[in-house]
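Structure, as structure tokens:
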Amino acid sequence: MKILSIGNSFSDDAQRYLKEIAAADGVEIETLNLCIGGCSLETHASHIKDGARAYLFHYNGDVDRNDLISLQEGIAMRDWDIVTVQQVSVKSFREDTFYPYAYEIADYVREKLPKAKIYVHQTWAYEHGCPRAYEVTDGKGADFMLKCIRSAYARLKREIGAEAIIPSGELMELLYQNGASKIYRDTFHASYGLGRYALGLLWYKLFTGRSVINNAFHSFDEEISGEELEIARRCASSLEFI
């Protein structure tokens with residue numbers, strides 16, 4: 001299975017452990033995140049037109065690579081099975097920021113990769129109670145942000161005819177509700193251990209249909225307690241495509 005994300009640091013978070021989680025289960029997955037930090041749908045659409053070599057080549061979860069390629073080069077690199085798209089987190093709850101750019105990206109992907117399936121990667125709200133969540137939502141906070149993300153991504157799926165929504169935003173909220181203590185690393189990105197691990201489990205479970213309850217992968221960039229390993233596996237296992 002070959003998965004391409006047209007994304008930013010949030011898809012870095014989701015892909016960091018994905019290949020290794022799959023390998024621990026005897027499954028081969030190849031991933032590429034075309035990453036520009038803080039990249040919006042508008043910026044991705046602009047690079048379809050200008051062909052700029054502006055994307056970090058984050059291949060198979062290696063998020064430390066600094067070589068740059070164009071969106072066109074990344075798409076042409078493989079006959080990708082799956083392509084994910086997402087909005088930048090700071091605009092993720094504002095539906096008006098998605099269009100017309102999402103149409104342009106989806107049309108381009110279908111032109112270049114007619115056999116690929118497009119999935120919407122639902123990003124997540126910021127940490128409950130953090131100043132940044134209140135700042136970007138004009139004082140309304142993380143609950144409001146998540147409510148709007150749900151609506152915006154449901155519409156995005158309909159508008160571009162995507163296969164389904166990857167419920168990463170729902171997962172981050174579920175981790176919080178289940179008492180996980182270190183979900184974020186800076187109040188908005190996923191933590192290097194638990195957050196990224198749970199996201200990888202979710203993607204693996206959804207795209208392969210295989211159980212993650214007993215997955216043997218255990219090599220993290222940040223320590224995860226045994227209790228939180230169980231929370232991550234249980235939460236990821238409980239979610240389905242939207």
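Side-chain atoms are counted along with the backbone in the values below, which use heavy atoms only and exclude waters and symmetry mates.
- Atom NZ of Lys140 sits in a crowded spot, with more than 12 heavy atoms from other residues, nucleotides or ligands closer than 6.0 Å.
- Tested against Leu239, the residues Leu201, Leu171, Ile166 include a single side chain to side chain contact (heavy atoms under 4.5 Å, CB included) partner, Leu171.
- Formation of a donor-acceptor pair under 3.5 Å by the Ser151 side chain with backbone atoms of Cys148 is not found in this model.
- Counting heavy atoms of neighbouring residues, nucleotides and ligands inside a 6.0 Å radius, atom CG of Asp50 exceeds 12 of them.
- Shown here for Gln87 and Thr123, the closest heavy-atom pair between the two residues is O-CG2, 3.6 Å.
- Summarising the geometry of Ser211 relative to Asp25, their closest heavy-atom pair is O-OD2, 4.4 Å, with the distance given to 0.1 Å.
- Taking CZ of Phe207 as the reference point, atom CD1 of Ile3 lies at 5.0 Å (rounded to 0.5 Å).
- Here the options are Phe144, Phe93, Phe188, the test is ring-ring contact (aromatic ring centres under 6.0 Å, His included), and the partner is Tyr126; only Phe188 passes.
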Please assess Trp203 against Ser168 for the test side-chain contact (heavy atoms from CB on, under 4.5 Å), listing each intermediate value before the final yes or no. CA-CA 8 Å; Trp203 280 45; Ser168 295; 3.4 Å; yes

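- Between Phe57 and Tyr59, the angle of the ring planes stays under 30°, which puts this pair in the parallel group of the 30/60° scheme.
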Begin from the C-alpha positions of Asn215 and Tyr204 and carry the test side-chain hydrogen bond (donor to acceptor under 3.5 Å, both in side chains) through to its verdict. CA-CA 10 Å; Asn215 188 277; Tyr204 179 67; 5.4 Å; no

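- With a 6.0 Å radius and a threshold of 12 heavy atoms from other residues, nucleotides or ligands, Gln177 has its CD atom above the threshold.
- Atom CD of Glu73 sits in a crowded spot, with more than 12 heavy atoms from other residues, nucleotides or ligands closer than 6.0 Å.
- Ring to ring, Tyr55 and His44 are close: their centroids are under 6.0 angstrom apart.
- The shortest heavy-atom contact between Ser237 and Val212 is OG-CG2, 3.4 Å.
- Ion pairing between a basic and an acidic side chain is recognised when a charged N comes within 4.0 Å of a carboxylate O; Arg150 and Glu170 show such pairing.
- For Leu199 against Ala14, the heavy-atom pair with the smallest separation is CB-CA, 3.9 Å.
- Distance check, rounded to the nearest 0.5 Å: CD1 of Ile149 to CD of Gln86 gives 11.0 Å.
- A distance-only check finds a donor-acceptor pair linking the side chain of Gln72 to the backbone of Ile48 [under 3.5 Å].
- A donor-acceptor pair is defined here as one N or O able to donate and one able to accept, closer than 3.5 Å; no such pair exists between the side chain of Thr84 and the backbone of His121.
- When all heavy atoms of Ala198 and Leu175 are compared, the pair lying nearest together is CB-CD1, 3.8 Å.
- Using a 4.0 Å cut-off between a side-chain N of Lys or Arg and a carboxylate O of Asp or Glu, Glu222 and Lys182 qualify as a salt bridge.
- With 3.5 Å as the limit, one finds no donor-acceptor pair spanning the side chains of Ser219 and Glu20.
- Cluster annotation: Met77 and Val63 are assigned to distinct hydrophobic clusters (Ile/Leu/Val/Met/Phe/Trp/Tyr, side-chain heavy-atom contacts under 4.5 Å, transitive).
- Distance CG/Asn8 to CG/Leu56: 11.0 Å, rounded to 0.5 Å.
- Using modelled atom types, one side-chain atom of Arg16 and one backbone atom of Gly61 make a donor-acceptor pair closer than 3.5 Å.
- Ile69 is listed as a side-chain neighbour of Leu34, based on a closest heavy-atom distance under 4.5 Å.
- The two residues Ala216 and Ala24 come nearest to each other via the heavy atoms C-CB, 4.2 Å.
- Within a 6.0 Å sphere centred on NZ of Lys2, heavy atoms belonging to other residues, nucleotides or ligands number more than 12.
- Centroid-to-centroid, the aromatic rings of Tyr184 and His189 stay 6.0 Å apart or farther.
- Between the side chains of Ser40 and Thr43, a donor-acceptor pair is found at a separation under 3.5 Å.
- Between the CD atom of Glu230 and the CD atom of Glu227 there is a distance of 9.5 Å, given to the nearest 0.5 Å.
- Taking 4.5 Å as the limit, every side-chain heavy atom of Glu135 sits out of range of all side-chain heavy atoms of Cys130.
- When hydrophobic clusters are built by joining Ile, Leu, Val, Met, Phe, Trp and Tyr residues whose side-chain heavy atoms come closer than 4.5 Å, directly or via intermediates, Leu4 is not grouped with Leu68.
- The six-membered or imidazole ring of Tyr192 lies away from that of Tyr17, with a centre-to-centre distance of 6.0 Å or more.
- With rounding to the nearest 0.5 angstrom, the OH atom of Tyr108 is 5.0 Å from the CD1 atom of Ile75.
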Go through the steps to decide whether Ile160 and Val120 satisfy the test side-chain contact (heavy atoms from CB on, under 4.5 Å), and finish with yes or no. CA-CA 9 Å; Ile160 66 171; Val120 169; 4.1 Å; yes

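- Using a cut-off of 4.0 Å between Lys/Arg side-chain N and Asp/Glu carboxylate O, Asp221 and Arg185 are scored as not salt-bridged.
- Here the two rings, on Phe98 and Tyr153, have centers that are under 6.0 Å apart.
- The CD atom of Gln15 sits 4.0 Å away from the OG atom of Ser5 when rounded to the nearest 0.5 Å.
- In terms of hydrophobic clustering, with Ile, Leu, Val, Met, Phe, Trp and Tyr side chains grouped at heavy-atom distances under 4.5 Å, Ile213 and Ile21 are assigned to different clusters.
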Where do Glu30 and Asn60 land on the side-chain contact (heavy atoms from CB on, under 4.5 Å) test, with the steps shown first? CA-CA 6 Å; Glu30 183 178 17; Asn60 284 339; 3.8 Å; yes

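- Taking hydrophobic clusters as Ile, Leu, Val, Met, Phe, Trp and Tyr residues chained together by side-chain heavy-atom distances below 4.5 Å, Val85 shares a cluster with Val90.
- One hydrophobic cluster, built from ILVMFWY side chains closer than 4.5 Å, holds both Leu41 and Tyr103.
- The ring of His128 has its center closer than 6.0 angstrom to the ring center of Tyr176.
- Looking only at distances, a side-chain donor or acceptor of Thr208 sits under 3.5 Å from a matching main-chain atom of Arg210.
- Under 4.0 Å is where a charged nitrogen must lie from a carboxylate oxygen, and between Glu28 and Lys19 at least one such pair does.
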